[in-house]
2 protein chains.
Amino acid sequence: MQSFTEENYLKIIYHLAEKTGNVQTNAIAEQMQTKPASVTDMIKKLAEKGFVDYIKYQGVTLTEKGRNAAIEIVRKHRLWEVFLVDKLNFKWDEVHDVAEELEHIKSTALIERLDEFLGFPKSDPHGDPIPDKNGRFAKTQFTKLIDLKIGDQGTITGVSQHSSAFLKHLEKLGLTLGKQIEISDVTDFDGSVEILIAGKQINISREVAKHILTSSNGKN
Amino acid sequence: MQSFTEENYLKIIYHLAEKTGNVQTNAIAEQMQTKPASVTDMIKKLAEKGFVDYIKYQGVTLTEKGRNAAIEIVRKHRLWEVFLVDKLNFKWDEVHDVAEELEHIKSTALIERLDEFLGFPKSDPHGDPIPDKNGRFAKTQFTKLIDLKIGDQGTITGVSQHSSAFLKHLEKLGLTLGKQIEISDVTDFDGSVEILIAGKQINISREVAKHILTSSNGKN
DNA sequence: AATAATTTTTAGATTTACCTAAAAATATAA
DNA sequence: TTATATTTTTAGGTAAATCTAAAAATTATT
């Protein structure tokens with residue numbers, strides 16, 4: 001199996017690849033909070049072990065093997081998050097760092113039993129889908145709140161930013177998973193969005209609206 | 001805080017010190033499955049950090065700080081074992097290795113909430129006491145089964161050997177925690193012990209009897 | 001297309017935890 | 001109490017993951 005560090009690289013490459021396909025050295029370095037030179041070293045090692053395809057100066061892509069390993073880590077991370085929130089009463093903004101450690105525990109039996117204990121959850125406390133033990137999970141359909149038009153309605157189904165500060169902010173505004181919202185206005189000046197939630201009118205910044213995911217298709 | 005490896009050294013020194021007080025380099029090396037030279041290196045580091053008192057050629061003893069750190073790790077290990085057995089239906093012989101990894105997760109909140117979730121258990125699946133969050137726990141009173149005399153009765157309250165092979169063996173013989181036993185005979189030839197358990201007569205080797213702990217004071 | 005800017009890689013060091021082989025200290029036995 | 005055996009330490013080295021500084025390749029700009 002892989003080391004703690006190798007696993008973190010695989011996970012980060014996987015997340016970056018979701019958007020871009022080919023993953024750049026500098027992008028990995030930024031996410032790993034390390035230097036590009038260190039990334040090059042590690043990439044070579046991962047390539048040697050068959051986790052990534054690597055062409056000098058052209059970035060990396062995960063191999064089948066690499067993707068499977070990454071998905072397994074994502075699965076562990078998200079299951080542990082569910083455990084922390086559902087069973088230990090953590091808030092959704094408190095779980096990330098601990099799950100970051102727990103995801104590296106190596107035991108297939110542990111994860112399968114945890115999955116069962118939690119009732120085979122399909123998504124984590126932030127709305128992200130949890131891969132099943134074969135690595136399969138539904139591609140989530142969502143529309144960013146920022147892309148909704150005035151009058152559109154929707155349900156909050158996820159977030160694309162997991163920082164504690166952001167999540168605490170949402171919590172305070174009542175913008176949690178499952179909540180119904182309607183776009184009542186968009187401010188030209190700063191792009192902020194006025195939404196109707198639980199009968200109340202609130203204003204959220206463009207930055208916040210960008211990271212809220214909804215189940216609306218935009219039409220009401 | 002300490003590294004994964006440092007924590008393992010502290011834990012092992014703590015367990016060795018329970019019996020002997022002063023802990024020898026070779027004893028640590030054996031437990032850590034490493035070489036004495038490596039142990040000397042690590043000991044120096046732990047001494048510098050104030051976790052142990054160390055005099056060359058004289059072995060080590062834990063400082064207050066070192067003992068506290070060790071007890072915290074033991075607490076985590078045992079709480080996770082309870083979780084695995086009580087919540088995830090692991091058998092008592094399956095939990096050691098996984099708990100060995102889980103004990104290194106660094107989060108006070110996690111452990112306090114886990115403790116609460118489990119109902120503040122006082123002992124782990126092998127009968128070992130669980131320190132509370134202040135590191136306090138009752139010194140367990142026990143008599144080794146091997147030290148009981150013919151006619152003595154007792155209850156199995158723990159084991160002093162956690163290998164899967166040993167625990168599976170006990171399981172098969174029905175010698176699990178809480179079971180009532182009575183010594184019916186001791187064989188001169190090989191020191192094996194005949195015991196009465198659940199109305200049945202069974203024979204256990206001296207080696208097995210040495211590692212079963214009971215609550216009997218020897219008199220019946 | 002040539003130059004400038006950016007990205008990525010190489011080269012050479014550092015730190016942590018480990019190793020082997022040999023030396024030094026301590027403990028045991030003749 | 002000297003010789004022998006055991007334990008422990010030192011010295012010098014290795015592998016993993018990181019670093020800095022400089023070189024090389026790629027991309028963007030004029």
Side-chain angles (χ1 to χ4, degrees), chain A residues 1-14 16-17 19-62 66 69-70 73 100-101 103-104 106, chain B residues 1-17 19-62 66 69-70 73 100-101 103-106:
Chain A
M1 249 300 150
Q2 318 87 255
S3 76
F4 199 99
T5 310
E6 285 169 351
E7 289 191 350
N8 282 331
Y9 271 90
L10 289 175
K11 186 183 57 170
I12 276 166
I13 293 168
Y14 173 79
L16 288 168
K19 308 172 185 179
T20 49
N22 230 57
V23 180
Q24 240 86 0
T25 302
N26 274 355
I28 300 172
E30 196 190 326
Q31 292 292 312
M32 283 294 296
Q33 311 219 67
T34 187
K35 305 290 161 180
S38 311
V39 174
T40 302
D41 285 349
M42 180 54 84
I43 279 172
K44 282 183 188 163
K45 192 172 147 195
L46 291 174
E48 249 171 52
K49 292 192 177 184
F51 289 111
V52 296
D53 289 322
Y54 168 56
I55 306 164
K56 262 192 199 175
Y57 292 99
Q58 302 305 132
V60 289
T61 47
L62 288 171
I73 299 159
E100 206 79 345
E101 291 190 52
E103 73 191 4
H104 298 293
K106 285 158 191 37
Chain B
M1 251 301 150
Q2 320 86 259
S3 76
F4 199 99
T5 310
E6 285 169 351
E7 290 191 350
N8 282 332
Y9 270 90
L10 288 175
K11 186 184 58 170
I12 276 166
I13 293 168
Y14 173 80
H15 285 310
L16 289 169
K19 307 171 187 179
T20 48
N22 230 56
V23 180
Q24 240 85 2
T25 301
N26 274 355
I28 300 172
E30 196 191 326
Q31 292 292 312
M32 284 293 297
Q33 311 221 66
T34 187
K35 305 290 161 180
S38 311
V39 173
T40 303
D41 285 350
M42 180 56 84
I43 279 172
K44 282 183 188 164
K45 192 171 149 196
L46 292 174
E48 249 170 52
K49 293 192 177 185
F51 289 110
V52 296
D53 289 321
Y54 168 55
I55 305 164
K56 264 193 197 178
Y57 293 99
Q58 303 305 131
V60 289
T61 48
L62 288 170
I73 300 160
E100 205 78 344
E101 290 190 54
E103 73 190 5
H104 299 292
I105 306 291
K106 285 158 193 39

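Just so it is clear: chains get the letters A, B, ... in the order the sequence lines come, proteins before strands, and each one is counted from 1. Quick note: numbers below take in every heavy atom, side chains included, and nothing from hydrogens, waters or symmetry partners.
- By the ring-ring contact (aromatic ring centres under 6.0 Å, His included) test, Y57(A) pairs with no residue at all, sequence neighbours left out.
- Protein atom CG of L46(A) is 13 Å distant from nucleotide atom C1' of dA16(D), rounded to whole Å.
- When side chains are defined from C-beta on, H104(B) does not count as touching H104(A), because their heavy atoms never get closer than 4.5 Å.
- Applying the side chain to side chain contact (heavy atoms under 4.5 Å, CB included) rule to E30(A) yields no partners; only residues at least two apart in sequence or on another chain are considered.
- Backbone-only engagement by Y9(B) is indicated by non-hydrogen atom pairs under 4.0 Å involving sugar-phosphate atoms exclusively.
- In this structure, CE of M42(B) is placed 14 Å from C1' of dC19(C), rounded to the nearest angstrom.
- Between T34(A) and dC19(D), a side-chain N or O to OP1/OP2 separation shorter than 4.0 Å is present.
- Distance, K35(A) NZ to dT7(C) C1': 15 Å, rounded to whole Å.
- What separates CD of E7(B) from P of dT16(C) is a distance of 16 Å, to the nearest Å.
- For Q58(B), the side chain to side chain contact (heavy atoms under 4.5 Å, CB included) criterion is met by I55(B), not counting sequence neighbours.
- Taking the side chain to side chain contact (heavy atoms under 4.5 Å, CB included) definition, one finds that A27(B) meets it with L16(B), Q24(B), sequence neighbours left out.
- Look at CG on N22(A): it is 15 Å from C1' on dT27(D), rounded to the nearest Å.
- Remark: T5(B) is not in phosphate contact with dT16(C), judged by side-chain N or O atoms under 4.0 Å from OP1 or OP2.
- Contacts of K44(B) classified as side chain to side chain contact (heavy atoms under 4.5 Å, CB included), with partners at least two apart in sequence or in another chain: T40(B), Y54(B).
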* Structure fact -> Its contact letters, B for base, S for sugar-phosphate only and - for none at protein heavy atoms under 4.0 Å, make nucleotides 3-13 of chain D read ----SBBB---
